[in-house]
Amino acid sequence: MVERADQAMVLMSVRALHLDIARWAAEEPARWGPWAAPCPIKEAETLNGKRTKRIKARMDQRTRERLRALDTFARAALDHRHRLACLEALRAVPRGAAFTGAGAIFVRTKHGADSARDAAGKLIHFDLAEHRAFWAWAAVEFLRHTGARIEEMLEASHYALFQYRLPTNGEIVPLL
């Protein structure tokens, strides 16, 4: 039998329900009194010490497992960004003309502002694709170089970044 990963959360929910009913029974005995009963779950059973350590251990193990793929992932994000950086080539040709970008041939649409069709006929909006590819690459690089979590990245602004110059070689290290 496998232990539930969220067992403590279930116990806390049941304990919270019992305690709520007991409080409501004190406020409205006629309505909630028949439903009040002593809570079968003790407070010690819901303490999070072991659970928190197990969750942290699982997170750390996932990080160690995925760390091997980090360079490949960062390279893929950069390649994706370069593959979709065809906006200048698209804008340099007249509408309806063919152009080459990132080793592929595209035909600029006659009606769309910054869109083209690839060899398979798929419509690509290069302004949006380039924008998304840049920010995906920027997010990967931010996370890779700072070691921040995604939640921390989403809350970061230029006011949250500080520079620290290493005394040994003068390299500037960004700090959160």
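Basis for what follows: all heavy atoms, side chains included, without hydrogens, waters or symmetry-related copies.
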Any [X] side-chain heavy atom under 4.5 Å of [Y] side chain:
| X | Y | result |
| --- | --- | --- |
| F99 | I105 | no |
| K56 | D60 | yes |
| E155 | E152 | no |
| R117 | I124 | no |
| R149 | L143 | no |

TODO: Decide whether R64 and Q61 meet the rule of one side-chain donor and one side-chain acceptor closer than 3.5 Å.
DONE: yes
In terms of hydrophobic clustering (I, L, V, M, F, W, Y; side-chain heavy atoms under 4.5 Å; direct or indirect links), are [X] and [Y] co-clustered?
| X | Y | result |
| --- | --- | --- |
| L123 | F106 | no |
| L17 | W32 | yes |
| F134 | L78 | yes |
| L11 | V14 | yes |
| W135 | W137 | yes |

Open item on the list: For H131 and D127: C-alpha separation, side-chain torsions, deciding distance, then whether side chain to side chain contact (heavy atoms under 4.5 Å, CB included) applies.
Closed with: CA-CA 6 Å; H131 177 81; D127 54 347; over 6 Å; no
TODO: Please confirm whether the backbone N or O of V93 pairs with a side-chain atom of R108, one donor and one acceptor, at under 3.5 Å?
DONE: yes
Open item on the list: Would the distance check show the side chain of E28 and the main-chain N or O of A25 forming a donor-acceptor pair, the cut-off being under 3.5 Å?
Closed with: no
Ignoring hydrogens, what is the shortest heavy-atom contact between [X] and [Y]? Give both atom names and the distance.
| X | Y | result |
| --- | --- | --- |
| E130 | C86 | OE1-N, 4.0 Å |
| H125 | S115 | ND1-CB, 3.6 Å |
| K110 | G96 | CG-CA, 4.0 Å |
| V140 | A77 | CG2-CB, 4.1 Å |
| H18 | A37 | ND1-O, 3.9 Å |

TODO: Begin from the C-alpha positions of E43 and R15 and carry the test side chain to side chain contact (heavy atoms under 4.5 Å, CB included) through to its verdict.
DONE: CA-CA 8 Å; E43 185 177 3; R15 180 169 169 76; 3.6 Å; yes
Open item on the list: Counting neighbours of CZ on R23 that are heavy atoms of other residues, nucleotides or ligands and sit closer than 6.0 Å, is the number greater than 12?
Closed with: yes
Spatial distance of atom [atom1] ([X]) from atom [atom2] ([Y]) [nearest 0.5 Å]:
| X | Y | atom1 | atom2 | value |
| --- | --- | --- | --- | --- |
| D114 | L87 | CG | CG | 5.0 Å |
| M59 | R62 | CE | CZ | 6.5 Å |
| T109 | F126 | OG1 | CZ | 10.0 Å |
| H80 | H82 | NE2 | NE2 | 12.0 Å |

TODO: Go through the steps to decide whether D71 and R144 satisfy the test side chain to side chain contact (heavy atoms under 4.5 Å, CB included), and finish with yes or no.
DONE: CA-CA 9 Å; D71 289 334; R144 183 168 75 121; 3.7 Å; yes
Task: Note: R91-E88 ion pair, threshold 4.0 Å (strictly below) - done: no
